[in-house]
Amino acid sequence: MRIFITGATGFIGSHVVQLALQEGHEVVALRRNGSTPRIKLDSQPEWIEGDLECNCRDAIKSCDALLHLAAYGVVDGMNDWANCFRWNVHGSVKFLLQAIDMGVEHFVVCGSCFEYGRSGERYEFIPVSAPLEPTGAYHSSKAAATMASLGLAVDHQLFLNVLRPFHVYGEGEDPKKFWASLKKAAL
């Protein structure tokens, strides 16, 4: 399978690229100019330099699926409303429409557990059906992007899976995060 991956140099994206390549998939990976994966990759995907507003039609048209992992606001200090909505909503919709125009029908969109926001406080175990009640710029923009993706899937009869990962940790994680700082202190 030929897979296009956005957010390919981020923490989750780097691991997904590595796994997809190890499983024998062809990977086309979008990265911002100068961005490098968070982990050392055993082999390299076909890199496309740009952002969610770039014209990637030629690279997308040969892909079977799109994994949209790119996000703005994950890192502390980047949680401003204008940029979160510019990239997480507008940029994402623009990029998904480009993929739809190129014939891609299978999508995975990575949201965030923070989309649940305040509703998560009412559950011991948050069900996927919990209402989205985000509390900040990043959380709200990811919820809006999820809703837009779901609407696009219905409107264009696409196969869509939305993921809302909870806290993840491991090799390549931001060194300021808990697990990375704990590991550093232990070593």
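Everything numeric in this text was worked out from a predicted model, so none of it was measured.
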- Query: Going only through I, L, V, M, F, W and Y residues with side-chain contacts under 4.5 Å, is there a path from L97 to V162?
  - Reply: yes
- Joint cluster assignment, L67 & I12, ILVMFWY side-chain distance < 4.5 Å: yes
- Query: Please walk me through it: do V108 and L66 pass side-chain contact (heavy atoms from CB on, under 4.5 Å)?
  - Reply: CA-CA 6 Å; V108 174; L66 175 82; over 6 Å; no
- Examine F4 together with F107 and report whether their ring centres are nearer than 6.0 Å. no
- Please round to the nearest 0.5 Å and tell me the distance separating atom OG of S112 and atom CG of L163. 11.5 Å
- Between atom CG of L152 and atom CE of M147, what is the distance when rounded to the nearest 0.5 Å? 12.0 Å
- Message: Using only atom types and a distance under 3.5 Å, with no angle test, would you say the side chain of E23 pairs donor to acceptor with the backbone of A20?
- Response: no
- Task: Before giving the answer on side-chain contact (heavy atoms from CB on, under 4.5 Å), spell out for I5 and L30 the whole-Å C-alpha distance, their side-chain angles and the decisive distance to 0.1 Å.
- Result: CA-CA 6 Å; I5 301 176; L30 181 65; over 6 Å; no
- Task: Tell me, please, which residues at least two apart from D64 pass side chain to side chain donor-acceptor pair (under 3.5 Å).
- Result: none
Could you pull out all donor-acceptor pairs under 3.5 Å where a side-chain atom in residues 177-187 meets a protein atom, sequence neighbours excluded?
residue, atom, partner, partner atom, Å
S181, OG, K177, O, 3.1
S181, OG, F178, O, 2.9

- Query: For residues 24-39, which residue pairs qualify under salt bridge (charged side-chain N to carboxylate O under 4.0 Å, His left out), counting only residues two or more places apart or in two chains?
  - Reply: R2-E26, R31-E49
- Message: Enumerate the salt bridge (charged side-chain N to carboxylate O under 4.0 Å, His left out) contacts for residues 88-109, please, sequence neighbours excluded, ordered by first and then second residue.
- Response: R57-D101
- Run the numbers on D80 and N83 for side-chain contact (heavy atoms from CB on, under 4.5 Å), then give the verdict. CA-CA 6 Å; D80 67 274; N83 278 315; 3.3 Å; yes
- Kindly say whether D42 contributes a backbone atom to a donor-acceptor pair with the side chain of Q18 at under 3.5 angstrom? yes
- Message: Taking G117's backbone N and O only, do any of them form a donor-acceptor pair with T135's side chain (distance below 3.5 Å, no angle check)?
- Response: no
- Query: Distance from H167 atom NE2 to C113 atom SG, nearest 0.5 Å?
  - Reply: 4.5 Å
- Message: Hydrophobic clusters here meaning ILVMFWY residues chained together by side-chain heavy-atom distances under 4.5 Å, can you tell me if V16 and M1 are in one?
- Response: yes
- Query: With a 4.5 Å limit on heavy-atom distance, are the side chains of V109 and N161 in contact?
  - Reply: no
- Item | Summary of ring pair (Phe, Tyr, Trp, His ring centres under 6.0 Å) pairs that have at least one residue in residues 128-155, sequence neighbours excluded | F114-H139
- Message: Can you pull out every salt bridge (charged side-chain N to carboxylate O under 4.0 Å, His left out) where at least one residue sits in residues 82-93? Sequence neighbours excluded, please.
- Response: E53-R86
- How would you list, by chain and number, every residue that makes a side-chain contact (heavy atoms from CB on, under 4.5 Å) with P127, sequence neighbours excluded? Y123, S129, A130
- Residues A8 and V17: closest non-hydrogen pair is CB-CG2, 3.7 Å
- Query: Mind checking what makes ring-ring contact (aromatic ring centres under 6.0 Å, His included) contact with F11, not counting sequence neighbours?
  - Reply: H15
- Item | Between SG on residue C63 and CD1 on residue I3, distance to nearest 0.5 Å | 8.5 Å
- Task: Output every pair passing salt bridge (charged side-chain N to carboxylate O under 4.0 Å, His left out) with a member in residues 129-156, not counting sequence neighbours, ordered by first then second residue.
- Result: R122-E133
- Hey, any chance V128 and I126 share a hydrophobic cluster, counting ILVMFWY side chains that come within less than 4.5 Å of each other, even indirectly? yes
- Before giving the answer on side-chain contact (heavy atoms from CB on, under 4.5 Å), spell out for L132 and R164 the whole-Å C-alpha distance, their side-chain angles and the decisive distance to 0.1 Å. CA-CA 11 Å; L132 304 183; R164 292 192 183 107; 3.6 Å; yes
- Would you say the side-chain atoms of N88 pair up with the backbone N or O of Y72, donor to acceptor, closer than 3.5 Å? yes
- Not counting sequence neighbours, which residues clear side-chain contact (heavy atoms from CB on, under 4.5 Å) with A148? List them please. V93
- Hey, does L96 have a side-chain heavy atom less than 4.5 Å from the side chain of S149? yes
- Message: Through direct or indirect side-chain contacts below 4.5 angstrom among Ile, Leu, Val, Met, Phe, Trp and Tyr, which residues connect to W81?
- Response: F85, V89
- Message: So, taking the atom named OG in S14 and the one named CG in L69, what distance separates them when rounded to the nearest 0.5 Å?
- Response: 10.0 Å
- Pairwise side-chain contact, L52 with H68, heavy-atom cut-off 4.5 Å (strictly under): yes
- Task: Would you list the pairs meeting ring pair (Phe, Tyr, Trp, His ring centres under 6.0 Å) in which at least one residue belongs to residues 140-166, sequence neighbours left out?
- Result: H106-F159
- Separation of T6 OG1 from I48 CD1 (nearest 0.5 Å): 12.5 Å
- If every non-hydrogen atom of A137 is compared with every non-hydrogen atom of C84, which pair is closest and at what distance? O-CB, 3.8 Å
- Hey, does Q98 have a side-chain heavy atom less than 4.5 Å from the side chain of N55? yes
